[in-house]
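All values derive from a computational prediction rather than experimental measurement. The basis for the numbers below is simple: all heavy atoms, side chains too, and nothing from hydrogens, waters or symmetry mates. Chain letters run A, B, ... following the sequence lines, proteins first and then strands; every chain starts at 1.
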Amino acid sequence: MSNERKQKIGLEVHIQLQGEKLFCRCPTESSYELKEVVERSLRLSSGETGKFDQAAKYETQRSRGFIYHLHGNNCLVDVDEEPPHDVNNQALERSIALSMSLNCSIVDYATFMRKIVIDGSNTTGFQRTAIIGFGGFLETSRGKVRISTVCLEEDAARKLSDNAGAATYSLERLGIPLVEISTEPDIIDAAHAIETAEKIGKLALLPGWARKGAEAIRQDVNFSSGFGRVEIKGVQKISLIETCLDYESRRHSTLAEISSKIKSGFDPEKIHFIDVTGIFEDTKSKIILSGLRSGNKVYATVLPSMKGYLKNGNYRLGAEIADITRLYGAGGIMHSDELPGYGVEKEITPIISILKPNKNDAFAILVSGEEKIQIIAEEIRNRISRILSLDLSETRFVDDSGITHYLRPLPGRERMYPETDVATVPIGSSIIEQCKKIVPKSEDQMIADLTKAYAISKQDATSIINKGFTDSFKKLTELTGDARLSSRILNQLIPEITKKGSTPVLPGAVVEAVEMSFSIGIVSSGLERALLRHFVDGVSFADLSGMPDLQAVSHNELEKIIKDLISNENDVTMANLIPRIKARENRIFDPKDAVNIFKMLSQK
Amino acid sequence: MSNERKQKIGLEVHIQLQGEKLFCRCPTESSYELKEVVERSLRLSSGETGKFDQAAKYETQRSRGFIYHLHGNNCLVDVDEEPPHDVNNQALERSIALSMSLNCSIVDYATFMRKIVIDGSNTTGFQRTAIIGFGGFLETSRGKVRISTVCLEEDAARKLSDNAGAATYSLERLGIPLVEISTEPDIIDAAHAIETAEKIGKLALLPGWARKGAEAIRQDVNFSSGFGRVEIKGVQKISLIETCLDYESRRHSTLAEISSKIKSGFDPEKIHFIDVTGIFEDTKSKIILSGLRSGNKVYATVLPSMKGYLKNGNYRLGAEIADITRLYGAGGIMHSDELPGYGVEKEITPIISILKPNKNDAFAILVSGEEKIQIIAEEIRNRISRILSLDLSETRFVDDSGITHYLRPLPGRERMYPETDVATVPIGSSIIEQCKKIVPKSEDQMIADLTKAYAISKQDATSIINKGFTDSFKKLTELTGDARLSSRILNQLIPEITKKGSTPVLPGAVVEAVEMSFSIGIVSSGLERALLRHFVDGVSFADLSGMPDLQAVSHNELEKIIKDLISNENDVTMANLIPRIKARENRIFDPKDAVNIFKMLSQK
Amino acid sequence: MVRSKHNSVTRLKFTYKGSEFEGVLIAEDRDTYLVKLSNGYNLTIPRDSINILDRNELSGPEQSESERILSGKGKKITLIGSGGTIASRVDYSTGAVKPVDGTEFLRGNISNFEHFELELKILPPVFSEDMTALNWQTIARSVHAGLKDSEGVVVMHGTDTMAYTASALAFMFEKQSGPIILTGSQRSSDRPSSDAFLNIEGSLEFASTDLGEVCIAMHKGLSDTTINLLRGVRTRKMHSSRRDAFKSIGGPELAEYSKGGIKFKESYKERDDSNELRDKLESRVSLIYFNPILTNEDFETLAFNKRAVVLAGTGLGHVSNRFVPTIRQLSKSGIKFYMTTQCIYGSVNMNVYSTGRELISAGVIPLGNMLSEVALVKSMFVFANYDPDEVDRKMKENLRGEIMDREVPFGGETT
Amino acid sequence: MVRSKHNSVTRLKFTYKGSEFEGVLIAEDRDTYLVKLSNGYNLTIPRDSINILDRNELSGPEQSESERILSGKGKKITLIGSGGTIASRVDYSTGAVKPVDGTEFLRGNISNFEHFELELKILPPVFSEDMTALNWQTIARSVHAGLKDSEGVVVMHGTDTMAYTASALAFMFEKQSGPIILTGSQRSSDRPSSDAFLNIEGSLEFASTDLGEVCIAMHKGLSDTTINLLRGVRTRKMHSSRRDAFKSIGGPELAEYSKGGIKFKESYKERDDSNELRDKLESRVSLIYFNPILTNEDFETLAFNKRAVVLAGTGLGHVSNRFVPTIRQLSKSGIKFYMTTQCIYGSVNMNVYSTGRELISAGVIPLGNMLSEVALVKSMFVFANYDPDEVDRKMKENLRGEIMDREVPFGGETT
């Protein structure tokens, strides 16, 4: 890209902490069983200073009801029927420790505030959040990335569906402690963004603080190429970072092109929807027919100076408009760059005769309810005006294919005010000392430590640490006295067992099985075989204990065997000793020991 | 009957008072809508003196669950979830006034007690009752019938169904004030019993105190012919009194016959049920088959010395036994006097070979659950022993055909003890004075009064009083100034309207219509015609007011018409005057007035 | 919820732990500053850790004065603000909460705003828990004035003692020419999820009916769908925080409001042609909540020098027999004792057990199923407005629906 | 219910208003005779209206002495009669009610009589409303003895203060080797419809589980079908007369018993291996039920000379700000104040409103959703058994399940 220089990339990494919720004692985990349904609406105190947050105001204009599904890990607090309880201490300490590992200053007081969010994703209408650390940095392969803030906040509810009438949310995720780590826009490119995101995520993942699962760590990506900041929400998969940055970057440059070409000819006031339902009475368009049957009407408007820019090569102004109409539940638009199409053909001439577009004007057809057509028109006028004046700042979301879509305007500072239901928590020196003890190490540091302490390969150490097997590895090595064997069991044997067996086996179970194996006399060299038989073939320990190829021949027994060999088989030599013993004995023995015994006996 | 001399007959008349319930403020009337269902069981404190009431004990042995249906006129008191409220004052006063009209002494205190009834008909397990008056009498055509007591009590719940597992009751009737009037056994015969019951009932019915409906007044009949007192419950229809007395009288005399014949040969211990289910494995008896399918067994017993007395001419000892087995939910019996029958034939010989009855012995087959066969046997032994020793005292009930059946032993005095939840009510002189003002007159007295005051026939007065039309009659007569017309309207016109019209017309509506008729100028002589047209043909008063045959010609108009007649028609005479006027005038006129005018004018 | 009235804004530029910040000062105390940063986040900073680079006093945003009367097309309703979170609004810039000063805060937030002609009267705000008989009288007079020139009155009130105030108003109004509806919010109005608006929306609808009673209108359940109309003298706050905390005790609600309109479920008293306010209240009354540890001395103190004592007894209306001699003696000296049950649900009945009969003989008068709190307020009304020889009869008489003759075991919540 | 112990019978023959009667004298007072006539009916007759023809004193029916221990084949359970109508029986001949003297009264009336080896201990009967800390200690010692030689204990208790006693026992037993189940009857045992028997039947079943808590077992609904097992420290009598008056506050029941057996619904503490009874109780505690009329003087009296004062405040835990100076002062003098809510349901939270924060700063300690009555009893236990510097921590600590961390808006009755 030509303008890569100007690009600024920042990240907000959100990490769910497992344990209890942030402001009540509900567990973060829950079986997904619907317990109760509650219906709500959210309102903003209007008639105020008039400056309340534009993102919130925007949501109010889309005002709908919200339906909440309650689950086993919900209580009165989640459903906004009880004030928040004291803050979850474990989550607070871990957020401090994470801040420390990111070289942040720690605040003297955790001051929770309310961030107004009235899209329904919070039953209260706000998200509680507090700054815990600030002014830190993360070392990366391409230099320091500055950390602006580390916040501790509540996770939001999960949206289940979103209809024109109401959005439905499931509350099992609401209130889960979420550590939000925001970087400055120091990130160089997509690859660097991925490295940064992964390094931050692993700080919480590796010590087992983060929840498991796809949504436990999510990124928001901030992007700017000189036309305002775009905040891209919900980049759950690391792999999407690259795709969406790429998409967004291209989007900005093509919009800049479009802007330079048509800005002067654009008169927003020409965007005005006219009821053309009459023309579609016997339309062949199935989309329009189904809309009409639901009681909607068909509208058409001129799109001034936009001919050829709506959907033409890289130009996609039509998608920018459709993002708006879809948010208001009106479906997409059909525009002149793609008509005839969608079964609309014979209606085009009458529409043109009504709209009377100029030469460069495009036009669009929209099926919508009568009550919201005015507000949709207003939103389209505003948004296209802003785009053409190259103010691209807004909140977007990314879909599964990595394409971003308009979501809402950027939130402003107005929407935050103190949460007085929660007492401010002083973070005194005793808490600081406590947190220092648990500061997570970076992955690199952990790998280096493990490699050094146990003399295992860096590859093995990396695998152990990333699988969260560190504790099991240490315990196993204590049992076996053999770090490499332990590493082999964890890194190779467990996947093998899992592959061959019907259910995955957990490292804890393996450690127990090793302990049991040793207690019934199975030797190290038979251990892997024993574990395979136990977990894959279902052989009991009682049966394993009788299997000779798992047992060792003792020194005395070995001596007796060799004596017997020497006295009965005259041709025993150092060279054939081992095969000869094996021919007589199924159990395992130490060949070195055998050689030494043979030497000693033959010397006699 | 030969032994009519020895017969003693007494009555207990129960009258439901309308208004509110006795111990709560629920209305006595209710729309029959199921609101709630409650399940209960009732228990007696056993381990007591051992003398608790045998009727109650008997019910305990039949212990089942009770299911109660609650309706709109039930509250917590009805369902035994709240102590009784204060006694209903109106009901108390009316019961006192009724006692007075029966020449009773009035108690100084109304002391409510609990009469244990654990057949489930009372949710509490007892009925609250208080003596209000005692030592009175009623004048009848055949002499005084002494009144032993007048009690004020709660009505019981209505039984809806009665299965082996549970009896179901509807509670809308529970707690309705019930005045119980008990006579001494001074009643001579069935006709006298009917007269007495009717006279007592009308005391409450005529002033409108009693509820309406079939069950508002019920009689229990006490009967004795020297073999103990039989209390026959639930003689709702007056007409059943004669049938059931007749039946009971015959029953006593045949049982006396049977007793004299077989008493000596009866050994109760020979009644013993043997399981003969095996014999019936491939029976053709549908009754027995269906019993077996429900998991029951077939039992057989010898009935010592009863051959020929179970069902043979007037002898019906079989029915006495079946009354017991049915009470225990085991259905009836099949006995040797009617076998072969019911599909039982080939099984008879094997049964006889098992039971080995003596020559005079009968035997019976019974289908029953295993758990209750012992108690049924015990009850049959007891009951037959008592019958054969000619102790016939017991509580019976009458079915719709007038036949009586065994219900339970007579209640004893043990089952009453003080209801301390209700404070004893002193009946002081002010209450007594208040009640004296409302003492109901007897029907005869009321008829005499009305006949005298309004100079109407005794027959008309009787009809007015019995229909409860007294007040309407008085109002009507005030309007019409003509008691006979009023009587005719109420006694003849209303039935005629009701017969011709679609819906019955109430006297109140008729009084209103008469008032309306007069106000629009309809004359007395047109009144009946007007009412018929209004109620039967649906003619509005506006239309009626224009109908000439309901309006009167005024004196002046009549004078004018006659003058005109005289001057124009020379042959007018006294004899043809009236027809001549009628030929000219449709409206009603007073013929006497016409004659007088004609006389006067012709004299001129 | 922070309540504040300061309207000027202090802008700060400072360093803290090596980072530089800008922001607005929200609050300060002896030890700390509470600052709202330019990114919206709030920070609490110790005074000794902050290094202020620049401090700048600005006058705050102008309060736009709302019209006091807004002419919709419908019935005239008077809205009275007596305090409580319902009649307040948040300033998002500082988080401070201030009483509303006009009806504009309702526009767009209630669906029936245009259906009424609303007049707002703001009384000096009082926390619900600080309300006394004097406040009840003030509210009553304001309601009385409101009824004179409108169809109905809605009183916005804190929820803690709203039921007490409702009872007081119910007794004080012998006659009322329109509905008197109290409403509040369990979720303060400084949050988007506040129940305040739907409560007010429903209250306005109830206030425009022909009801002639003092009622409380609050959420029926946890959803923002249905508002209950509850008879003031039969209502109790039964949960500390749920929006459906207010329950009708012993009987169903009078009516429900939802988007479908009002559905009356029980019979009610219709409004009178005129108003009659009897606003005298006796304050020499007390409530004794019996418990096994209550001493005779404390019992005597609570009764001493009172005209009426409401006992919240156990079960069917009992207190320990050890209090019987005290009650007998104080009763003879002219102090009246009335019995209610601390069970809350159900009626007292002092005939059933000997303790009850003893207490009756000692002078205690049972009050059926009247709620303890309602009995207390009623005694204040009765003892101020009736002769001593009438008080017992009036206490036992059902004046405003405070005693229910019948309690049914079906329909609605019964315990 | 009449309680009497006289065992002799007086037969009367008399005339009254011209009629002659025979009967048994049931009771007499200054003015009247109460006579049971030979037909069973009862009459109250003024002394001056009766003409006694014959009076005959007979000794009453012998009481058959029941065995004290009945050997069923099952677990040994100790039944303790502490008073209340449940452990009494009626003499139908006079209507008098007497304490039971053996377990025979249960035979035939409970379906599981033969499944247990029952031992009955009768304590001197005390009316529920007369129970004091001394009685709680007596019961506790009797329960302790019972646990030593049986699998579980069932305490038959009057219902009025049963929840208080259950709380006291719960705190006093640091360890318990078996279930301690309290049960009572809302319909006295002198009526066939009494709930007593099914309550005992269920209690015996609960008493033979591995439960290690003090619980109350009473009817679940109005039907004689299901018995609830309720945690003593979370239970309140919520209706004066219904048989399902006892409710678990803020959470579901622990278990249910029906003819199908026991179904546990919540986790519970299992029984310990041994028993540890700490039966000291502090009586210098009090409960102040705040109301708008409460005077400062009465407030001070109730707090004065106490070690701990439990406040039943409004809503989230408030009392009027006028009490703040008093509380601050008394608090400094060493009196401890604890806050609960008179809403009954829900938790206190004193951070939300400024009054709450003021009260905290004055020294009041919030107790979450602990019930007021339970907090009172707990303070008696804590202040008698812990050092002054431990009491606040112990009061706030969840010792026996009296504080619930989580209140869910589904399942069971929540308000």
Engineer: Rounded to the nearest 0.5 Å, what separation is found between the OG1 atom of D:T295 and the CG atom of C:L302?
Structural biologist: 8.0 Å
Engineer: Side chains of D:D298 and C:K306: does their closest heavy-atom pair fall under 4.5 Å?
Structural biologist: yes
Engineer: So for C:R236, is it side chain, backbone, both, or neither that comes closer than 4.5 Å to the heavy atoms of chain D?
Structural biologist: side chain
Engineer: Can you tell which of D:S283, D:S320, D:G313 has the highest number of heavy-atom pairs within less than 4.5 Å of chain C?
Structural biologist: D:S320
Engineer: Can you tell me how far CG of D:L287 sits from CZ of C:F290, rounded to the nearest 0.5 angstrom?
Structural biologist: 11.5 Å
Engineer: Given C:Q342, which partner from the list D:K237, D:M238, D:E373 fulfils the side chain to side chain contact (heavy atoms under 4.5 Å, CB included) test?
Structural biologist: D:E373
Engineer: Nearest 0.5 Å, what's the OG-OH distance between D:S241 and C:Y345?
Structural biologist: 14.0 Å
Engineer: Can you check whether D:Y164 reaches C:I293 side chain to side chain, under 4.5 Å on heavy atoms?
Structural biologist: no
Engineer: Find the distance between OG1 (D:T341) and CG (C:D160) and round it off to the nearest 0.5 Å.
Structural biologist: 7.5 Å
Engineer: So which part of D:V285 gets closer than 4.5 Å to some heavy atom of chain C, the side chain, the backbone, both or neither?
Structural biologist: both
Engineer: Would you say the side chain of D:S372 lies within less than 4.5 Å of the side chain of C:Y289, judging by non-hydrogen atoms?
Structural biologist: no
Engineer: What option among D:S240, D:G315, D:S128 has the most heavy-atom pairs under 4.5 Å with chain C?
Structural biologist: D:S240
Engineer: Any side-chain heavy atom of C:P292 within less than 4.5 Å of one from D:W136?
Structural biologist: yes
Engineer: Tell me, side chain or backbone of C:L376 under 4.5 Å from chain D's heavy atoms, or both, or neither?
Structural biologist: side chain
Engineer: Considering only heavy atoms and a distance below 4.5 Å, find which of D:T159, D:T161, D:L222, D:V319 pairs most often with chain C.
Structural biologist: D:V319
Engineer: Between D:T132, D:T355, D:I344, who has the most heavy-atom pairs with chain C when the cutoff is under 4.5 Å?
Structural biologist: D:T355
Engineer: With rounding to the nearest 0.5 Å, note down the distance linking CD in C:E297 to CG in D:N305.
Structural biologist: 10.5 Å
Engineer: Between atom CD of C:E129 and atom CG of D:N291, what is the distance when rounded to the nearest 0.5 Å?
Structural biologist: 14.0 Å
